[in-house]
Amino acid sequence: MTRYTPAEIEARWQAAWARDEIFKAVRSADKPKYYVLEMFPYPSGRIHMGHVRNYTMGDVIARYKLATGHNVLHPMGWDAFGMPAENAAMAIGGHPKDWTYGNIEDMRDQMKPLGLSIDWSREFATCDPEYYGQQQALFLDFLEAGLVYRKNAQVNWDPVDMTVLANEQVIDGKGWRSGAEVERRELTQWFFKISDMAGELKDALEGLENWPAKVRLMQENWIGESRGIEIPFERTDGGGTILCYSTRPDTMRGASFIAVSPDHPVSKALEGSNPELTAFIEDCRKMDTTEAAMEKAEKKGIDTGLRVKHPVYESVELPVWIGNFVLMDYGTGAVFGCPAHDQRDLDFARKYDLPVRNAFYMPGGETEVGTEALVPAKTEKVVYIDHFAGLGETTSQDGIDATIDYFEANDLGKGQTKYRLRDWGLSRQRYWGCPIPVVHCDDCGVVPEKKENLPIELPYDVSFDVPGNPLDRHPTWRDTACPTCGKPAKRETDTMDTFVDSSWYFARFTAPDAETPTSMEDAAYWMNVDQYIGGIEHAILHLLYSRFFARAMRITGHLPQGTEEPFDALFTQGMVTHEIYMTRDERGRPVYHLPDDIHWTESGARLGADGPMVEVVPSAKMSKSKKNVVDPVNIISAYGADTARWFVLSDSPPERDVEWTAAGAEAAFKHLTRVWNLCDRIGAMGKDAKGEGDEDLLRAMHSCIHDVTMGIESFGFNAAIAKLYAFTATLQKSKASHAAQREAVMTLAQLMSPMTPHLAEDIWAHQGGQGLIATAPWPKADQAMLVSDTVTLPVQVNGKRRAEITVPTDLPKEEVEKAALADQAVIRTLDGASPKKIIVVPGRIVNVVV
RNA sequence: GCCCGCGUGGUGGAAUGGUAGACACAGGAGACUUAAAAUCUCCAGGCGGAAACGCCGUGCCGGUUCGAGUCCGGCCGCGGGUACCA
């Protein structure tokens, strides 16, 4: 008897796959193509369990598609630009480029032993000049097509470090390194005009049938289409009008104030005129720029002293307030407040003693609004009071529509469809990103770089010992000639948001060496991605940006028609989570520790055997910043890749988060050893050995083929594996003939091959299979072997299970009813009562209702 | 705050509106063994009962249905996103 030695088996078969180049993707007309892609990793330095889970799932699909006769494209690359590389350079010295490429080397070395069916010849990193140079070409084409523009926008500014901070670097309103109170500062920045496509991006969601409904819903809400109206309110001081946007113009009667954003032109004009008001606006500027911070902050305001006329009730004047809760980016940056029918407005009105006036009541009751605003569903009927357009009892939705019509007819306002989606700011004041290929010329202004000068490469000789963007203070890099007039000019020092890098890499994979961003021939053949797999945390931004990019690339001639939605099917896997271990430094800030460094003692978790106690924070997504990561390399070296792969697939449903625990890998290894031993035993049988129960074994086999195939197709990997466990047990106990057992074990190996490809190859070879199992045709379930003659039905009385009957599968309903009523347990439960109704669901259940 | 999910034994989880707890981990008992490991067999939601069996049970409250873990409404808890983390 031989032993299961994964290290040896896995190396051997990986070499065999490489030798035959079976994973190399080549265009071919004789097979249907299948493009499977997992979201590419950020090269943090170590692969973690989330990666193993993600890439193993993709690999199962890729290998299954290969076995079912597809021409598979399954590439891998690196999302290599980003902040952590600069942070590492600041923290430990070194260069972001060296750090990143070193990490890529390490991670590739850790990933390759997993035996993924990847075409490594297509690998690239987004920080390769060959990639980001093409990205710069795309930028120039987008610019020419009017898809990119510049405008002012606010950033988090650290006044001590004199640098722009990412939201993640702002902790409780303070800079993470300096501890200084962060201010908002306005900079001129580059934007993609994604808002122009808002309606289309929303409408097209409906066609994404193979996307999770939750992702489509999240995107729809994010785009946030709303039908409303823009209403100009005339200032009483003759200073013009203030344009307000409202989705509830039907509540106009209840309007009791106007609120404008602190960034609104009205606010800016008043700033400095009055110390109190100036202080208020300055205070608003200290708030984080994040939506969450603004929404959670206490709602505050200040009366500007300005007044506007109510557009309908002309005798009414409304005060104009500045409100810290009004966003300049949404609508017109000004709203009218109707406290009776909006909770936020009501809280605001109660706080500042503003009037609360109903625009409607619920039918049958004129109740006054207290601390809760009256906000019924739009489909509910309400009774409008003294409505200018003559509305009485109707739904809010009808009220809104009628009001918009009335306002438009009387030239009081204009109906508008607006979106919450804002344009995509792509400028970053950082070094480690794709340089924006434009030049600032004193005479010609902002000038696009010439394509022949691409790539505009990052300089290597930079330092991170002082805060700020090293490109800004580089002695010569900025100096260039204006592409238009040739005079000395300065390069743009902003680099691109890393989301740009990941918004088109899937297209680049179809022709990674092309001299242009894409090759139309290759894109036409390989696009779209048939199955995209990645974390749910990317449900909105990455996927929405990629959808925008696909459209923009279509418009600029970089992708063929039909690629506007680049991902035909999407699967969002859950995250791998782990407890977080934390101590605090002398300033009370958290310091995180790796699970490997934690020692569990009777008194709790310690850092090292006698070290300080560690605070255990509940499980969260494994992330480098929280250090709650587990190293899969240990598991691979202890048990082999097949065990690691089997384990991550078997333990929980792929879309759900999984809490990592060390237990379980051992069990997976034991099972694979059992399968190995089984193959060994069958191999040792006499070729002509007869036995009993061939039919039963083959029936179980066909049922397993069916269930595993369905499981793989529906991402039910854990359920598929449960079936494989059961079938293995059946085969282990089987006394069938050698021929039947050999067929069974070879089929078992095939069904396992997407999950444990190395072990499967070995069993296949051991049993004398032809060629590689990876390219052997996928087994088909014989329908005739799946049906049985009899079926066991549970019998319920009033919905509670009381008995079981076994009847012929094709027994007519009336006969099933008779059989159920004849059952002793049913008779006992009925206790003489006569059934009112009997429900027979063929093949499933019988329910007797009394 | 807002948007989107999730919640089932000691644990991970299974279950087209149709027998809740498949499969596995941890646990218990047994076989083999001088012994241990390994392997194999069996038990195992809770309460009551010798057993047959009965009652309860899928975060909480209510509803729809012959029948609800699954659908609907309202809560609670946890997680993801919240536009400069990727």
Side-chain angles (χ1 to χ4, degrees), chain A residues 39 41-42 44 79 81-84 87 155-156 164-170 189 194 212-215 217-222 224 289-297 299 325 329 344 420-430 497-499 501-502 535-542 544-545 572 574-575 577 618-621 623-625 650-653 655-659 661 663-664 666-668 670-671 673-674 677 716 718-719 721-726 729 732 792-804 825 836-839 841 843-850:
Chain A
M39 291 178 187
Y42 177 78
S44 59
D79 187 15
F81 276 134
M83 238 178 19
N87 294 341
V155 294
N156 300 307
V164 177
L165 297 179
N167 287 334
E168 194 186 53
Q169 297 172 313
V170 180
Q189 311 216 61
I194 189 173
K214 63 180 170 185
V215 174
L217 192 55
M218 277 190 261
Q219 292 220 355
E220 186 176 339
N221 291 334
W222 182 262
T289 53
T290 65
E291 188 198 345
M294 296 211 277
E295 286 285 332
K296 272 192 270 194
K299 308 295 176 272
F325 55 90
D329 290 317
R344 194 175 59 185
R420 205 186 74 99
L421 180 67
R422 307 201 295 259
D423 276 334
W424 171 12
L426 69 126
S427 289
R428 295 294 180 270
Q429 293 70 43
R430 273 186 268 282
D497 176 9
T498 57
F499 272 123
D501 312 335
S502 55
I536 183 67
E537 69 270 26
H538 294 295
I540 295 173
L541 292 179
H542 162 61
L544 190 61
Y545 291 156
T572 54
M575 285 164 302
T577 65
S619 251
K621 170 171 78 159
S623 79
K624 220 183 170 218
S625 63
S650 65
D651 226 31
S652 61
E655 68 279 9
R656 208 183 294 184
D657 287 355
V658 55
E659 163 83 23
T661 59
E666 175 93 14
K670 278 186 193 173
H671 179 74
T673 305
R674 264 195 297 272
N677 292 338
N718 55 329
I721 283 178
K723 302 293 182 194
L724 287 165
Y725 269 108
Q732 232 171 349
T792 301
L793 296 177
V795 182
Q796 296 182 331
V797 178
N798 286 338
K800 276 181 188 286
R801 194 188 76 90
R802 298 294 177 183
E804 251 176 24
K836 267 190 222 151
K837 188 153 103 174
I838 303 176
I839 290 138
V841 184
R844 302 240 53 134
I845 204 166
V846 181
N847 192 9
V848 182
V849 187
V850 290

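Numbers restart at 1 for each chain; the letters A, B, ... are given by sequence-line order, proteins then strands. What you see is a predicted model; the values in this text were computed from it and never measured.
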5′-ward residue of the pair Glu295(A)/Pro794(A) relative to RNA chain B: Glu295(A)
Pairing string, 5' to 3', for RNA chain B - Watson-Crick or wobble contacts under 3.5 Å, brackets [ ] where pairs cross, | to another strand: (((((((..(((.....[....))).(((((.......))))).((((....))))..(((((..]....))))))))))))....
Sugar-phosphate only, base, or nothing, as touched by Phe325(A) at under 4.0 Å among non-hydrogen atoms: nothing
Residue pair Trp424(A) / Asp497(A), side-chain heavy-atom distance below 4.5 Å: yes
Lys800(A) side-chain N/O to C56(B) phosphate OP1/OP2 under 4.0 Å: yes
Touch class at under 4.0 angstrom, heavy-atom based, for Arg344(A) against every strand present: nothing
Per Arg422(A) side chain, nearest of listed nucleotides C84(B), U19(B), A83(B): A83(B)
Short side-chain N/O contact from Arg802(A) to OP1 or OP2 of G54(B), under 4.0 Å: yes
Touch class at under 4.0 angstrom, heavy-atom based, for Trp424(A) against every strand present: nothing
All N/O contacts under 3.5 Å from nucleotides 65-67 of chain B to the protein, with atom names and distances to one decimal?
{"from": "C66(B)", "atom 1": "O2'", "to": "Asn847(A)", "atom 2": "ND2", "distance (Å)": "3.2"}
{"from": "C66(B)", "atom 1": "O2", "to": "Asn847(A)", "atom 2": "ND2", "distance (Å)": "2.5"}

Under 4.0 angstrom between Arg656(A) side-chain N/O and G7(B) OP1 or OP2: yes
Stepwise side-chain hydrogen bond (donor to acceptor under 3.5 Å, both in side chains) check, Thr498(A) with Asp79(A): CA-CA 8 Å; Thr498(A) 57; Asp79(A) 187 15; 5.5 Å; no
Between C85(B) (C1') and Glu291(A) (CD): distance, integer Å: 17 Å
Among G54(B), C84(B), A86(B), the nucleotide that comes nearest once only the side chain of Leu541(A) is considered: A86(B)
